[in-house]
Amino acid sequence: MLACGLLGLAACQTLEKPNAADEGTLLIALHDGATKADVNPIGNDAAVHDLQLFLFSADGSLYRREAFEGSGTSRSLDRVKAGTYEIAALVNGPALTSIQKKQDLLQAAVTLGDNKVDVGFVMFGSTDSPVTVTGGATSPVRADITVRRLVGRVRLTTVQNGIPSSYGALTLSFAFLENGFGNWTCGASGDPSGYVNYAGRKKGRSTSTNPSDFIGAASDAEAPTLTFQSIGRQVANGQTLTLNNPFYTFPNKNRAADDHFSGPTDQAACARLVLKASYGEGGSQSWYYPVTIENLERNKTYDVAFIIHGPGSPDPNQKVENGNLTVVVTVDPWGDGGNYTEEF
């Protein structure tokens with residue numbers, strides 16, 4: 001859950017009495033609908049590093065912006081002019097100092113790189129209904145805001161070596177997320193844009209058939225701290241390796257009917273978690289094992305378990321054929337979810 005419990009609101013911020021008869025105090029309490037159902041929290045998935053609060057008047061114009069540093073989940077705003085406001089909260093986001101209207105905030109640009117695995121992820125929310133501040137009141141008016149992440153998470157959980165025993169150990173080189181998106185808006189309006197690691201290739205090379213253009217290292221990937229991880233582990237024949245490798249992207253609503261999953265493309269493609277692995281003497285058999293996540297949504301986590309039975313694909317954006325891969329994808333919903341199994 002968010003860093004400071006709601007039972008200790010007064011301890012998080014000392015409230016001051018209003019200074020004028022036409023002013024009041026607002027107490028903002030943040031809630032995180034993203035993580036209370038998250039059974040696998042990781043690192044800073046729910047951390048609050050900084051907070052921007054925006055108070056909008058009834059006509060949608062900005063009355064006041066306040067910025068705070070630190071992890072508190074309750075903040076007080078003193079000397080708030082009596083009136084009715086819609087209040088929005090941006091957590092761990094870029095500094096937005098030129099907002100003049102509510103619509104400006106909702107459409108303000110956010111990039112995938114604004115999410116920091118070592119600090120915290122961008123979260124946004126607003127009050128469900130307008131909040132009225134009464135002048136001269138002796139008690140603060142409380143406003144509750146639920147903030148939600150803009151990214152979705154794909155987590156590599158386990159890899160089972162199910163290849164024939166004659167091939168020996170399976171070596172896991174790296175994993176990355178392809179066909180994510182890198183640009184969106186604070187208010188999650190419209191669709192995200194700007195493919196990230198498009199077709200599993202270096203930036204601008206999505207239609208290339210040259211293997212040298214395939215992503216093979218963190219330096220080849222876009223937003224690598226969010227989309228690429230080296231593994232460098234072996235899995236003995238018949239054994240299962242447990243991992244905890246998260247990857248993040250803005251939503252990709254493409255489904256199988258829209259998907260271009262046959263290598264190079266400049267068309268619609270679903271998000272995929274791609275594992276690079278090798279086996280055989282000296283790692284002579286090296287393959288990609290891509291797993292498709294249809295309609296990847298914000299604020300959901302997709303746990304992916306691999307069972308590798310044989311050769312993968314020579315291309316990171318191409319299906320594994322002939323029953324050589326089984327995957328189980330479990331959706332921890334922060335809403336409704338489930339799991340599904342695919343065999344390739």
Side-chain angles (χ1 to χ4, degrees), residues 34-35 38 40-46 91-94 109-124 148-157 174-204 206 215 218 220-229 244-256 258-261 265 267-276 288-304 316-317 327 329-335 337:
T35 58
D38 183 1
N40 296 305
I42 299 173
N44 294 300
D45 277 9
V91 176
N92 305 329
V110 180
T111 70
L112 186 59
D114 289 325
N115 298 275
K116 309 294 184 183
V117 294
D118 58 342
V119 174
F121 290 79
V122 179
M123 294 182 271
F124 180 82
R148 294 181 173 86
R149 286 183 293 257
L150 295 177
V151 296
R153 185 183 76 190
V154 179
R155 190 172 72 115
L156 171 57
T157 59
F174 57 81
F176 66 93
L177 196 65
E178 70 178 24
N179 305 329
F181 282 107
N183 303 295
W184 210 11
T185 60
C186 281
S189 57
D191 293 329
S193 62
Y195 275 112
V196 171
N197 302 337
Y198 195 8
R201 277 121 168 113
K202 300 173 185 177
K203 187 174 182 178
S206 70
I215 291 172
D220 298 331
E222 298 171 77
T225 59
L226 298 160
T227 67
F228 185 98
Q229 291 201 33
N244 186 25
N245 297 82
F247 306 82
Y248 303 90
T249 179
F250 290 140
N252 181 336
K253 70 178 184 180
N254 290 321
R255 298 180 181 272
D258 313 307
D259 196 15
H260 289 77
F261 194 12
T265 187
Q267 303 297 310
C270 293
R272 287 183 248 286
L273 178 61
V274 182
L275 176 66
K276 180 71 178 292
Y288 295 96
Y289 295 90
V291 173
T292 296
I293 310 291
E294 287 190 79
N295 190 32
L296 190 153
E297 298 183 57
R298 65 174 289 197
N299 218 44
K300 288 190 178 183
T301 180
Y302 301 79
D303 285 0
V304 184
N317 194 52
V327 295
V329 180
T330 302
V331 185
D332 281 334
W334 313 327

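No hydrogens, no waters, no symmetry mates; every other heavy atom, side chains included, goes into these values.
When all heavy atoms of Phe181 and Ser193 are compared, the closest pair comes out as CD2-C, 3.4 Å. For the pair Ser206 and Ala199, the tightest heavy-atom approach, listed with the atom from each and the gap, is O-CB, 3.7 Å. Nearest heavy-atom pair, Pro246 versus Tyr248, reported as atom, atom and distance to 0.1 Å: CB-OH, 3.5 Å. The minimum heavy-atom distance linking Leu296 with Gly152 is given by the pair CD2-CA, 4.1 Å.
Residues Val329 and Val291 have side chains in contact (heavy-atom distance under 4.5 Å, counting atoms from C-beta outward). At a threshold of 4.5 Å between non-hydrogen side-chain atoms, the residues Phe121 and Leu226 count as touching. Annotation: side chain of Leu150 is in contact with side chain of Phe250 (closest heavy-atom distance under 4.5 Å). Pro316 places none of its side-chain heavy atoms less than 4.5 Å from the side chain of Pro290. When side chains are defined from C-beta on, Phe261 counts as touching Thr292, because their heavy atoms get closer than 4.5 Å.
With no hydrogens or angles considered, a side-chain donor-acceptor pair links Thr227 and Asn197 at under 3.5 Å.
Once rounded to the nearest 0.5 Å, the distance linking OG1 of Thr265 with CG of Asn179 reads 8.5 Å. If you take CZ on Arg155 and CG on Leu273, they are separated by 12.0 Å, rounding to the nearest 0.5 Å.
Between Phe176 and Phe228, the ring planes are parallel. Angles under 30° get that label, and only those over 60° would be called perpendicular.
Listed by first and then second residue, the salt bridge (charged side-chain N to carboxylate O under 4.0 Å, His left out) pairs involving residues 183-192 are Asp191-Lys253 (not counting sequence neighbours).
Residues passing the salt bridge (Lys or Arg N to Asp or Glu O under 4.0 Å) test with Asp259, sequence neighbours excluded: Arg272. Residues satisfying the side chain to side chain donor-acceptor pair (under 3.5 Å) criterion with Asn115, sequence neighbours excluded, are absent altogether.
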